[in-house]
Structures are given as C-alpha cells and as structure tokens.
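For reference, the structure discussed in these notes is given below.
Numbered from 1 within each chain, the chains take letters A, B, ... in sequence-line order. Values below: every heavy atom of this structure, side chains too, minus hydrogens, waters and symmetry copies.
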Number of protein chains: 2
Amino acid sequence: MTGTASTVNTEELHESPTLALRTFDSIKSDIINGELAQGSKIVESDLALKYGISRGPLREAIHRLERIKLIVRIPHAGSRVVTLDTRMMEDIYNARESLEGMAARLAARLMSDVEIESLSKLLDQHAAAISETDGKVYFQREGDIDFHYRIAVASQNQWILEKLNGELYQLIRMCRHQSGQFPSRAQTALDQHRQIAAAIARRDEELAEILMRRHISGAWEIVKTILEDQND
Amino acid sequence: MTGTASTVNTEELHESPTLALRTFDSIKSDIINGELAQGSKIVESDLALKYGISRGPLREAIHRLERIKLIVRIPHAGSRVVTLDTRMMEDIYNARESLEGMAARLAARLMSDVEIESLSKLLDQHAAAISETDGKVYFQREGDIDFHYRIAVASQNQWILEKLNGELYQLIRMCRHQSGQFPSRAQTALDQHRQIAAAIARRDEELAEILMRRHISGAWEIVKTILEDQND
DNA sequence: AATGCTTAAATTGTCGACAATTTGTGACTG
DNA sequence: CAGTCACAAATTGTCGACAATTTAAGCATT
C-alpha cells in the first residue's frame, strides 16, 4: 500500500485479457455515466457493431451486466438498461445496511493494528480535503465509497466484499451520478466515519455494527427524499 | 397459495424456454448432488457432448453457475466445480446471518395478517411431521429452508430474496448434501422458528431480527464443528 | 540429473451464418 | 368500427468452424 492515493480505483487498470470483459467495462461505464439511458433497449447486433466486436462476447458482457443488475433481461424478448426507482434503491440500501453492518463487526474483530492506523490516516486526508475545499469536496463520492470499501476488505469476507463492491456500490454510483448534486453531507459523514473507526480500534464489534447501520440508514433517508422530490 | 404443500419447490417446474437455462438447471443439480465432484475440471467440449448441446449455450450455463458460485472460472484457463472449505462456508453463513436478520425485520414490518397465519400453519405441519417420524424428519432440510424462504419472500426485498434463494441456499444445500447426515436438530430448529414467527406476529422488528440471527449463528456453530471434524 | 527453451496438443475465445421465437403490421371478418 | 387472425420483419437463440492462448511434453544444454 503506497498511502498516497486518496481515492482507490476499484476498477482493473491492466487491460482485461478478453474482449468480453473489456466490453463489459465499457458498457458499465456508459450506463453509470448515463450515456446509455435508463430503460433504453439493448439490441445485440447494434451494440456489437458499436463496440466493434461480434455478438458472442457481447452476449457475455450483457450477461455480466445482468448479473450486477445494470441490465434487465427477458428470454427471447431482449434486454434493457435498468431503471432505478425508489423501490429498488430502498432494497439496495436495506441490503447494504445489513451487509455493511456485518462487515464493520467483522472488521472490528479481524482488522490488524496497521490497517486500523492506515484507516485513520485515510480519514485525516478526507478531513484535509474538506477544509481545503470548504466543505464542497468533489471527491466525497469516491472518498466515501473508499472508506466503506476498506471496511469491506477488512471484513475478510469474500462474499460480502464481492456483493458490495461489484454490485451495490455500482448501483449507488449510478444513482448518485444521475440524480444531480447531493447536499454536502461531507462533514457529518466524516464524523460518523470517525466514530466507526474508533469503535473498530476499540474492538467493539457491537458498536461498530450499530454505528455503521445508523450511518447507512441515515444516508438512505437523504437519498429517499431526493428521489421522491424528483418524481413529483 | 394452496396451503397444502408442506415443502415448496423453489425450482421452476415448467421447462425453461431456452437450452442454456435447462442445461444450467441440470448441471446445478449434478453439482449439488455430487455427481460432478468438487474441484473437478469442467471441459466445455466434453460437457457440451454430455448434455447434447453446442458450446454456445453451455458457456452461458457455465457463466450462470459461476454467478451463483457453484463454479469458479479463470480466463483462458478453464473452470472447476467449487470446493467448499470451512473458510468459504463461514463467509456464507455470516452473510446469511446479516441478510436474513434484515429479512426478518422487514417481514415483521410488512407481512400481512393472512401471511402470518399461513406461516403459523406451516410450522404446525412441521411439528406434525416431526412427531410422526419421531424426530428423524427427513425433509427437515427442505422444510427448514422452506421457512426461511417464506421470510425472505415476506421481506419484499427482491435483492435479498434473490441472493438468499438463488445463491446462498444452493451452497448450503450442497454443503449439507455432501457432508453426510446432520444431527437431528429438527425440534430445536422448530422451537426457534416458532419464536421468530411469534416476534413477527407481534410486529417486534428488533426481536425478530435478533432471534433470526441467533438461530442462524447457532446453526453455523454446528456445521462448523462437522466440517472441522471432517477434515482432520 | 536438473533446468530452461522450443514445440505440439488441448482448451478456451471469437466469429459469421442459420434456426427459432417474439413483436409489429395489415388485411379480413363479425 | 372493433377485434382477430395470418403474415412479415426484427431480434434473440443455437450451431459449427477458426483463431488465440494456455498447458504439457520433449529436447537440448549445463
């Protein structure tokens, strides 16, 4: 670990060894950024042409996108980009709450002292970034996910890590990206992160889980009102 | 809902509309039943021949099996049937504990009165089956999962339901099936199920979640010792 | 005899063409 | 004029062949 990066790029940097995986990454970005609109129909031959590959690997890419719920597929009837409604996001946030709560509990049990130290430094960097930009931290989005990502890794639970990082965070990124700017919650979020980190440092599994769950359910309350205001 | 079925078949009964999906189901059964041994190599051309299809749909089936973790895949290097070690099962049970805890909480909040009544009747049927067979309930396996399945449905959380039913339960079934007979825990399990159902009927979200988590973590302690004894 | 390189076999990745299914269109009938 | 059936277009599902990559085996070299 270099310790210099304030944001961790969770994507693979080295080119994927297969066409299908590279295309999967491309389409994933296009969906998250909104270049492929929500609910728009996916026609295999069109996309194959657009990305310059044949239908075989493209189909695999689509299947992988279905796996992480960015695409909805119906046999013989084709596939569409997912449409994020409030109902679905509530499911996501509830699942995230329980999973990350467990992750925080496990992290409190298993994290090494040097990891805990490193986590603390990460939060210092976030604090610095907040005061520098006077609360309008642009990278708060990624920085926030960065903190949660570290907890997930520290849990040493592969299943949970994979679901959070590969699926839930993607959907949350997409939702954030396509819902305009969020109110600057950077300072309160950081405070809560600090409390969680402190509980972990104290090896207080119970408290770490409770604080993490409260943190996420609080975030959901905000997102919920935004989504509801949007659709009225 | 008919109310007559004591065990719910969670698989699709009507033939799947596509070759890939049918083959997916076949291979899935073969893996869970142990006809395809853990860790054995999967060669696409061989399996395609065995199931009488071409490599295209077979590849899709394999991808779906990878998705639910019954197969592990490495690009260009082929795929193998998963090997269930203690480490992995611990991840599974920890994830299950948090997810089903949340499901029980949501069920306590959202379940309709008639659903609660039906759940109670299901437990009566389980009790009858236990006394009939004098504790040696053969279908306890499925019956147990049946109860948990109902809670997952009642949570009305699609994401959680899909992960539990499509992924975690499959792995647990496979683990049970390939670890010989488990000690008859039918009576204690039923008692705990009754307590959970009672908490749900009382709309006590907090208690429902706690009891469900305790129930599952207790089950893990048993499974854990079995797995450890096995590998020594 | 052990190690490293070269080559051959086996296996996966990719492609384009064909078959099966669904969806949309339009004529026909009540 | 509404509803239904048949037909045609578009799209997905399936297949077999070819290309790229990994794994293994065999040979030469130290």
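Taking atom CZ on B/Arg80 and atom P on C/dT12, their separation rounds to 11 Å, with Å as the unit. Straight-line distance from the CG atom of B/Leu21 to the C1' atom of D/dT14: 14 Å, rounded to whole Å. Between A/Leu19 atom CG and D/dA19 atom C1' there is a gap of 12 Å when expressed in whole angstrom units. In this structure, B/Leu49 places its CG atom 15 Å from C1' of C/dT11, rounding to the nearest Å. Rounded to whole Å, the distance from NE2 on A/His76 to C1' on D/dT11 is 11 Å. One atom, CD1 of A/Ile42, and another, C1' of D/dA10, lie 16 Å apart when rounded to the nearest Å. Taking atom CD on A/Glu44 and atom P on D/dT12, their separation rounds to 5 Å, with Å as the unit.
Taking the six-membered ring where tryptophan is involved, the planes of A/His193 and A/Phe147 are essentially parallel, since the angle between them stays under 30° and well short of 60°. Classified by interplanar angle (parallel below 30°, tilted 30° to 60°, perpendicular above 60°), the ring pair A/Tyr169/A/His148 is perpendicular.
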message: Please evaluate residues A/Arg105 and B/Ser98 with respect to the criterion side-chain hydrogen bond (donor to acceptor under 3.5 Å, both in side chains), reporting the C-alpha separation (whole Å), side-chain torsions for both, the decisive distance (0.1 Å), and the verdict.
response: CA-CA 11 Å; A/Arg105 170 184 290 275; B/Ser98 72; over 6 Å; no

- request: Would you please test A/Glu100 and A/Arg96 for salt bridge (charged side-chain N to carboxylate O under 4.0 Å, His left out) and show each step?
  value: CA-CA 6 Å; A/Glu100 281 207 48; A/Arg96 187 189 168 197; 2.6 Å; yes

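Of the possible polar contacts, none joining the A/Asp91 side chain to the B/Asn157 backbone as a donor-acceptor pair under 3.5 Å is found. Not one N or O on the side chain of B/Arg213 forms a donor-acceptor pair closer than 3.5 Å with the backbone of B/Glu97.
Using a 4.0 Å cut-off, no side-chain N or O of B/Thr18 falls inside it from OP1 or OP2 of D/dT12.
Within residues 51-73 of chain A, the residues that place at least one heavy atom under 4.0 Å from DNA chain C are, in residue-number order, A/Ile53, A/Ser54, A/Pro57.
Screening A/Asp46, A/Thr23, A/Asp30 against A/Tyr51 for a side-chain hydrogen bond (donor to acceptor under 3.5 Å, both in side chains) leaves a single residue, A/Asp30.
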All N/O pairs under 3.5 Å across the protein-nucleotides 5-10 of chain C interface:
none

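Among the heavy atoms of the strands, none lies under 4.0 Å from A/Ile74.
Residue-environment remark: NZ (A/Lys41) exceeds the threshold of 12 foreign heavy atoms within 6.0 Å.
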Donor-acceptor contacts, no H, no angles, side chain residues 67-74 of chain A, under 3.5 Å, sequence neighbours left out:
from, atom 1, to, atom 2, distance (Å)
A/Arg67, NH2, B/Glu66, OE1, 3.2
A/Lys69, NZ, B/Glu162, OE1, 3.3
A/Lys69, NZ, B/Glu162, OE2, 2.7

